[in-house]
Amino acid sequence: MIATALDHIPTPPCARLLGWRLIDARPEDGWIRILFDGKESFCNPAGFVQGGILSAMLDDTMGPAVFVMTEGRLYTTTITMNVNFLAPARPGPITGEATVTQLGKSIAFVEGRLTAKGGTLLATATNSIRLVESARALR
């Protein structure tokens with residue numbers, strides 16, 4: 001597996017809850033792939049992973065794309081996120097991918113997507129993100 005700036009920080013509790021695992025990254029391209037656990041406890045009464053959980057997965061894919069691209073110098077806070085839910089998400093592994101489309105001085109734009117194990121596209125998102133210097137950048 002490729003080494004990234006994520007190797008130097010503890011996994012946040014929200015990421016652990018989602019079953020967040022880094023699968024692959026190309027920091028120079030601002031691209032990342034994350035694997036999540038679509039747990040049955042995340043499901044709505046219809047048996048599908050609830051949309052808010054899917055949104056959290058997207059958010060927890062797009063922010064880290066910026067973090068690895070900036071080698072851990074910049075954290076992110078979401079300004080806006082537009083999500084399109086394209087197919088119901090059944091419990092099981094869910095893969096998130098994100099690409100930084102523009103990195104400015106104080107704001108970044110990122111695109112993300114979630115897919116099911118068989119490759120079904122579950123959701124897409126675009127995100128505008130405020131950039132926040134990490135303590136690592138201030139040293």
Taking the side chain as every heavy atom from C-beta outward, state whether [X] and [Y] have any atom pair closer than 4.5 Å.
| X | Y | answer |
| --- | --- | --- |
| F67 | I9 | yes |
| L54 | L114 | yes |
| F85 | T124 | no |
| E40 | P91 | yes |

Please report the interatomic distance [atom1]([X]) to [atom2]([Y]), rounded to the nearest 0.5 Å.
| X | Y | atom1 | atom2 | result |
| --- | --- | --- | --- | --- |
| T99 | I32 | OG1 | CD1 | 10.0 Å |
| T95 | L122 | OG1 | CG | 9.0 Å |
| T77 | I107 | OG1 | CD1 | 9.5 Å |
| T78 | D59 | OG1 | CG | 3.5 Å |
| M62 | F109 | CE | CZ | 13.0 Å |
| L17 | S41 | CG | OG | 7.5 Å |

**Item:** Pair L103-V66, side chain to side chain contact (heavy atoms under 4.5 Å, CB included): steps then yes or no
**Value:** CA-CA 8 Å; L103 182 66; V66 172; 4.2 Å; yes
**Asked** Stepwise, does the side chain to side chain contact (heavy atoms under 4.5 Å, CB included) test hold for S55 with M81?
**Response** CA-CA 9 Å; S55 296; M81 184 167 65; 3.9 Å; yes
Under the side-chain contact (heavy atoms from CB on, under 4.5 Å) test against [X], which residue among [options] passes?
| X | options | value |
| --- | --- | --- |
| W31 | V100, D24, V68 | D24 |
| F42 | I94, L18, D37 | L18 |
| W20 | T61, L35, L6 | L6 |

**Prompt:** Taking all non-hydrogen atoms of both residues, which atom of S128 and which atom of T80 are closest, and how far apart?
**Reply:** OG-OG1, 2.5 Å
**Message:** Using every non-hydrogen atom in the two residues, find where M57 and F36 come nearest and quote the distance to one decimal.
**Reply:** O-CZ, 3.3 Å
Is the backbone of [Y] close enough, under 3.5 Å, to the side chain of [X] for a donor and an acceptor to pair up by distance?
| X | Y | value |
| --- | --- | --- |
| R16 | T11 | yes |
| D7 | T4 | yes |
| K39 | G92 | no |
| S134 | G72 | yes |
| T120 | A116 | no |
| N44 | A46 | yes |
| T115 | G119 | no |
| R113 | E111 | no |

**Asked** If two hydrophobic side chains count as joined below 4.5 Å and joins carry through other members, does F48 share a cluster with V83?
**Response**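 Unlinked, F48 and V83 end up in two clusters.
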**Request:** Quick one: do V110 and T76 satisfy side chain to side chain contact (heavy atoms under 4.5 Å, CB included)? Show the steps, please.
**Result:** CA-CA 11 Å; V110 185; T76 61; over 6 Å; no
**Request:** I would like to know whether R21 and I34 meet side chain to side chain contact (heavy atoms under 4.5 Å, CB included); could you show each step before the answer?
**Result:** CA-CA 6 Å; R21 292 185 302 282; I34 308 294; 5.8 Å; no
**Message:** Does R130, at its CZ atom, have more than 12 non-hydrogen atoms belonging to other residues, nucleotides or ligands within less than 6.0 Å?
**Reply:**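 Open: at most 12 neighbouring heavy atoms sit under 6.0 Å from CZ of R130.
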